[in-house]
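These notes concern the structure reproduced below.
Along the sequence shown, the residues carry numbers beginning at 1. For ligands, and for the atoms within them, numbers begin at 1 and follow the listed sequence.
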Amino acid sequence: MSQPTPSNLDPTSVSSFRKHLTNSTRIIAILGAGLSAPSGLPTFRSTNALWHNHDVFLVASPAGWRRDPGLVWQFYSERRRDARRASPNPAHYALVELAKRKKGFVALSQNVDGLLQRAGLDGNSGQLKLLHGNLFDLSCAGGCGYVDRDNFVDPLCDVLAEGRTRANVLGAGVQGGRPPKVSALLFEGIAAKNRKILGEEKFADGAPTAGDAAPLRELGEDVVRVPDAVPELHSGIEKEELPWCPRCKEHLLRPRVVWFGESLPEDIMADVDALFEEDKIDLCLVIGTSSKVWPTAGFCDQARKRGAKVAWVNMGADDVKSPRQDDWVFLGDAAVILPQILVAEGVLQT
Ligand code: BJW
């Protein structure tokens with residue numbers, strides 16, 4: 001197992017990887033946010049993963065949606081805009097090239113930014129499975145079944161127009177210095193404790209405030225870490241101002257992405273299960289993911305069980321999870337490494 005720098009990949013390792021790639025038919029690529037990082041899109045768990053200084057999972061979560069759908073829509077409106085303004089990078093194009101030459105290639109992507117599709121990987125070809133949805137698909141938040149695909153309208157409504165987010169988001173409660181980092185987990189914890197303290201009848205599930213946190217302190221509760229002030233993060237947007245489901249007209253539209261605690265799309269999971277039930281898998285590429293989010297974090301081992309050899313491409317060694325002796329580990333920027341290892345002359349001819 002070698003650990004080369006991107007500009008100086010170990011030739012022996014690259015050569016043995018290429019040999020295996022050339023002889024591979026069934027190839028699975030597990031993709032994460034690091035693939036799009038070279039396009040300028042932030043990853044989730046890096047230092048630049050805060051949104052206006054707040055934990056992204058406060059907004060990208062069912063709890064965040066219940067608390068303030070306007071805030072969630074502001075977050076996703078920005079993400080939609082940023083993704084549209086970004087361009088696919090050489091890593092995306094290298095994967096598309098691989099997909100063209102290897103019909104048994106399937107990308108299992110956690111990314112919702114649409115960059116792989118824009119690089120040329122057809123979402124309907126069967127070679128791309130979007131595990132966590134797509135920023136440009138909308139669905140009825142009430143579950144009436146309405147889906148609006150490839151909706152690139154911006155803004156989706158007046159209150160989501162560019163430039164309005166920053167002014168609205170950081171509300172009262174954040175005082176001086178670095179705002180405390182709050183998380184959906186914290187809010188869930190606070191709600192759970194308040195439910196216990198108040199009893200089911202008196203408890204009303206709403207936006208938690210600094211006041212909500214007070215009983216926890218009085219009880220000396222140490223299960224939930226309570227920051228000095230829970231910031232009042234509010235969009236100030238009324239539900240009526242947001243996009244509504246045109247079919248049932250009873251619920252808001254939401255971005256059709258998968259939040260924690262939500263199931264991955266059934267049809268996609270059926271396809272993925274089938275992939276791992278079919279014949280031998282020759283090669284599993286794990287690219288730009290921290291491998292912390294399930295069920296995707298388990299796919300590499302499932303591929304191994306089908307005989308796959310594994311190649312990792314990641315900026316950080318820590319996110320290469322339990323590599324085996326005969327894995328390939330290519331540390332560095334996917335946009336530099338993938339073109340070198342996947343599309344060098346003669347590599348992809350079978
Ligand atoms: C570079 C680079 C460069 C940087 N080149 N590399 C089993 C055990 C324990 C928990 C669970 C379990 N099964 C389910 C769960 C619960 C939960 C979960 O996984 N929790 C863990 C965190 C513990 N999973 C779920 O809830 C999933 N649902 C589910 O399983 O339903 C059934 C169920 C529910 C509950 C219990 C049991 C069963 C749903 C997961 C949904 C994840 N959603 C998000 C948001 C999507 C929408 C949006 O985009 O807004 O998906 S969270 C976020 O994480 C996003 C990502 O797709 C996902 C993965 O992150 P990713 O892509 O790996 O990014 P990072 O930032 O983590 O890493 C970037 C990597 O790139 C790093 O390694 C860098 O080094 C690298 N990098 N630049 C190469 N240039």
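Checking Asp319 against Ser290 by side-chain atom types alone, no donor-acceptor pair falls below 3.5 Å. Judged by distance alone, the side chains of Ser87 and His92 never bring a donor and an acceptor atom under 3.5 Å apart.
When all heavy atoms of Leu128 and Ser109 are compared, the closest pair comes out as CD1-CB, 4.1 Å.
Distance screen at 4.0 Å: atom 33 (C) of ligand 1 has no protein heavy-atom neighbour inside the cut-off. Within a 4.0 Å radius of atom 36 (C) of ligand 1, the protein contributes no non-hydrogen atoms. Distances from atom 2 (C) of ligand 1 to the protein include at least one heavy-atom value under 4.0 Å.
At a threshold of 4.0 Å, the pair Arg304-Asp301 counts as salt-bridged, since one of the basic side-chain nitrogens sits closer than that to a carboxylate oxygen.
Geometrically, ligand 1 and Ala33 share a nitrogen or oxygen pair separated by less than 3.5 Å. Geometrically, ligand 1 and Gly32 share no nitrogen or oxygen pair separated by less than 3.5 Å. Between Asn111 and ligand 1, a contact under 3.5 Å exists for no N or O pair. Considering backbone and side-chain atoms together, Trp259 places no N or O closer than 3.5 Å to any N or O of ligand 1. For ligand 1, the polar-atom distance check against Arg79 finds a nitrogen or oxygen pair separated by under 3.5 Å. Ligand 1 has no N or O atom lying under 3.5 Å from any N or O atom of Phe75, backbone or side chain.
Within 6.0 Å of CD in Glu266 there are 12 or fewer heavy atoms belonging to other residues, nucleotides or ligands. Environment of NZ in Lys239: sparse, with no more than 12 heavy atoms of neighbouring residues, nucleotides or ligands closer than 6.0 Å. No more than 12 heavy atoms of other residues, nucleotides or ligands shown are found within 6.0 angstrom of NZ on Lys305. A 6.0 Å sphere centred on CG of Asp267 holds more than 12 heavy atoms belonging to other residues, nucleotides or ligands.
Listed by atom number, the atoms of ligand 1 under 4.0 Å from Gly316 heavy atoms are 75 (O).
The protein atom (non-hydrogen) at minimum distance from atom 44 (C) of ligand 1 is Val258 O, 3.7 Å. Of the protein's non-hydrogen atoms, Pro295 CD, 3.6 Å is the one closest to atom 30 (O) of ligand 1. The protein non-hydrogen atom at the shortest distance from atom 69 (C) of ligand 1 is Gly288 O, 3.7 Å. What sits closest to atom 10 (C) of ligand 1 on the protein, heavy atoms only, is Trp294 CD1, 4.2 Å. The shortest contact between atom 17 (C) of ligand 1 and any protein heavy atom is with Phe260 CD2, 3.6 Å. Of the protein's heavy atoms, Ala334 N, 2.9 Å lies nearest to atom 5 (N) of ligand 1. Here the protein heavy atom with the shortest distance to atom 6 (N) of ligand 1 is Met315 N, 3.2 Å. In terms of protein heavy atoms, atom 52 (S) of ligand 1 is closest to Phe57 CE2, 3.5 Å.
Looking at His132 against ligand 1, only its side chain comes within 4.0 Å, counting heavy atoms. Here Glu262 has backbone heavy atoms under 4.0 Å from ligand 1, and that is the only part of it that gets that close. Heavy atoms from both the backbone and the side chain of Asp333 come within less than 4.0 Å of ligand 1. At a 4.0 Å heavy-atom cut-off, ligand 1 touches Thr43 through backbone and side chain alike. Contact annotation: for Val112 versus ligand 1, heavy atoms closer than 4.0 Å belong to the side chain alone.
To the nearest 0.5 Å, atoms CG (Asn151) and CG (Leu138) are separated by 4.5 Å.
Cluster annotation: Trp294 and Val320 are assigned to distinct hydrophobic clusters (Ile/Leu/Val/Met/Phe/Trp/Tyr, side-chain heavy-atom contacts under 4.5 Å, transitive).
Note: Phe17 and Trp328 have perpendicular aromatic rings, judged against thresholds of 30 and 60 degrees for the angle between ring planes. Note on ring orientation: taking the six-membered ring where Trp is involved, the planes of Trp259 and Trp65 are tilted (angle from 30° to 60°).
Side-chain atoms of Phe276 and Ile28, non-hydrogen and from C-beta on, do get closer than 4.5 Å to each other.
Residue nearest to atom 76 (C) of ligand 1, selected from Asp319, Asp113, Asn314: Asn314 (by heavy-atom distance).
Residue contacts with ligand 1 do not include Ala297, since none of its heavy atoms lies under 4.0 Å from the ligand.
A donor-acceptor pair under 3.5 Å links the side-chain atoms of Arg80 to the main chain of Leu135, judged by distance alone.
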